[in-house]
Number of protein chains: 2
Amino acid sequence: MKPFHSYQNPSLAVDLVVFGYSKQNLSVLLLNRKEAPFKDRWVLPGAFLQMEERFKDTCSRVLKTKLGMDDVYLEQLYSFDEPDRDPRGRAISVAHYALVNPARIAIAAGSMANDVSWFNINDLPALGFDHDSMFQQALQRLRSKITYFPVGFELLDDLFTMPELHELYECILDITIDRRNFRRKILESEYIINTGKKREGSQNRHPDLYKFNKKLKKNSFQINF
Amino acid sequence: MKPFHSYQNPSLAVDLVVFGYSKQNLSVLLLNRKEAPFKDRWVLPGAFLQMEERFKDTCSRVLKTKLGMDDVYLEQLYSFDEPDRDPRGRAISVAHYALVNPARIAIAAGSMANDVSWFNINDLPALGFDHDSMFQQALQRLRSKITYFPVGFELLDDLFTMPELHELYECILDITIDRRNFRRKILESEYIINTGKKREGSQNRHPDLYKFNKKLKKNSFQINF
DNA sequence: TACTCTTTGTGTTAATCTGACGCAAAGATA
DNA sequence: TATCTTTGCGTCAGATTAACACAAAGAGTA
């Protein structure tokens, strides 16, 4: 199919804010550019749309081929259209964010090791293009979303403990939440289920293992921290 | 500037969900198509991007030339990219929504009268293209936004009464809200100011006239109804 | 002028929710 | 068995909310 419109259209791309949570750290995946523009600067991974691709297809392609990730939570954020956002010419980018559990993927393998890296969100370098504002928008969206939708389980293992979930929320929202009040609110929301099992191996009392409730009655809730 | 990317890019368009509030009715502006595809069907107003235009420029152009509107509240919603969403060929559309006060614009003037019309949101025809889902998404966003950001004043006159604001919220959210509790919450949010004047002419007690507080300390709040 | 009807502005109160915190059980170590 | 830390469960005062009562304002009417 050919475009039916009269003038030469802008290039279309996606850019990805890939969040990973590991060891009480929320991180973002960045790429070190090897060519101009923004040579040697860190940027978000992205790619131009290929024929007949939908945005999510392009995102999956990037995640798969550049980063070796499969089956990732993905959400469209916003489309960036400033005419000069790419020095090479007019390009429109549809920003997305992804949530991955770094434990499940082999990221720093092979040739990638040098130019792909996780950065703690509190310690980011200045990014190329307009990627700083893409990141800010993604972080804002994630912070907002986690208070009314169970996206946390995308970042954790299938089984997790209450303290782990608690730390995730504190880390993402960058606030401290009373442990006991957090437990009460989360349990009232009914979006996690106690499996009856316990996490073994720790020195002190073994915490209960929970899993996410996949048959939520309501598909949204509101928790105010 | 020419695209620097290799393949022929999809066409790029914007589509607009224009909300208007009048006489206790929330309405959307629709266009009756005169050509195929979707001839004689109602659709959202929209247009293809022209050279160097940003999305908002294109939106303003549509609002100005097709609908005679200036200076309208506008927000980007979501980009729609299904390959077959336009039978004429691959086209990507960035949906926006706009809030206007119908009293301020002369809409049904001249040649437009036949093919442009307001529809109550509860009484919409089936729309062409994928515009039904665009509308649904816009309504959802508006409902969410109005609970944490003062967008209501875009739909009302500069001066308005408490009962008018109350009705606007009930209409948009499609719920009933206790009049007195609504007053308390809105006043606590400090996003409106009592002007001291009163609306004259009504048969009963003359309600106070309020205006929106343009120097809000906090730029967001949360009201739960 | 006094009475009625309706709308609008203000206040009250009981029920609910929230934040802050106490305490005991569980597990490992000494 | 005692100690230390973490985890699970409960309590309670203060804040917030929903439901509702009531008086003031305005216009019409007898």
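FYI, side chains are in, hydrogens and waters are out, and symmetry mates aren't considered; it's all heavy atoms of this structure. These numbers were taken from a predicted model, which means no experiment stands behind them. By convention in this document, chain letters (A, B, ...) are assigned in the order of the sequence lines, proteins followed by strands, and residues within each chain are numbered from 1.
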Within the structure, does a side-chain N or O atom of [X] lie under 4.0 Å from either OP1 or OP2 of [N]?
X	N	answer
B:K198	D:dG26	no
A:H206	C:dA28	yes
B:H166	C:dT8	no
B:R183	C:dT8	no

Whole-Å gap separating [atom2] ([N]) and [atom1] ([X]):
X	N	atom1	atom2	value
B:R199	D:dG26	CZ	P	15 Å
A:F182	C:dT18	CZ	P	15 Å
A:F225	C:dC17	CZ	C1'	15 Å
B:L187	C:dT10	CG	P	8 Å
A:I186	C:dG19	CD1	P	13 Å
B:I177	D:dC20	CD1	C1'	17 Å
A:D178	D:dG10	CG	P	16 Å
B:R179	D:dC20	CZ	P	13 Å

Discussion item. Under 4.0 Å, counting only non-hydrogen atoms across every strand here, what does B:T161 touch: a base, just sugar-phosphate, or nothing?
Written reply: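 Counting heavy atoms under 4.0 Å across all strands, no contact is made by B:T161.
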Of the nucleotides [options], which one has an atom closest to the side chain of [X]?
X	options	result
A:Q203	D:dA19, C:dA28, C:dT18	C:dA28
A:R180	D:dG10, C:dA20, C:dG11	D:dG10
A:P163	D:dT7, C:dG9, C:dA28	D:dT7

Worksheet item: Just checking, any donor-acceptor pair under 3.5 angstrom between side chains of B:Q222 and B:Y148?
Response: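 Not at all, the side chains of B:Q222 and B:Y148 share no donor-acceptor pair under 3.5 Å.
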Discussion item. Measuring from atom SG of A:C171 to atom NZ of A:K23, what distance do you get when rounded to the nearest 0.5 angstrom?
Written reply: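 It is 13.5 Å, given to the nearest 0.5 Å.
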Fill in: Check: C:dT8 base within 3.5 Å donor-acceptor of B:R205 side chain
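Between C:dT8 and B:R205, which were checked side chain against base, a qualifying N/O pair under 3.5 Å is present.
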Worksheet item: Would you say the side chain of B:R184 and the base of C:dG9 hold a donor-acceptor pair, judged only by whether the two atoms sit under 3.5 Å apart?
Response: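 Such a pair does not exist between side chain and base.
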Worksheet item: When B:D158 is tested against each of B:K211, B:R104, B:K197 for salt bridge (Lys or Arg N to Asp or Glu O under 4.0 Å), which residue passes?
Response: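 So the option named by the test is B:R104.
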Fill in: Nearest-nucleotide 5' precedence on DNA chain D, A:M162 against B:N204
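Nearest nucleotide further toward 5': that of A:M162.
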Worksheet entry | Given DNA chain C, 5'-ward residue of the pair B:P207 and A:E200, judged by closest heavy atom |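 Its nearest nucleotide lies further toward 5', so the answer is B:P207.
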Item to complete: Before giving the answer on salt bridge (charged side-chain N to carboxylate O under 4.0 Å, His left out), spell out for B:D115 and B:K34 the whole-Å C-alpha distance, their side-chain angles and the decisive distance to 0.1 Å.
Response: CA-CA 8 Å; B:D115 55 355; B:K34 294 290 177 241; 5.1 Å; no
Worksheet entry | Parallel, tilted or perpendicular, as decided by the 30° and 60° cut-offs, for the rings of A:F19 and A:F135 |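 Judged by the thresholds at 30° and 60°, the geometry between A:F135 and A:F19 is tilted.
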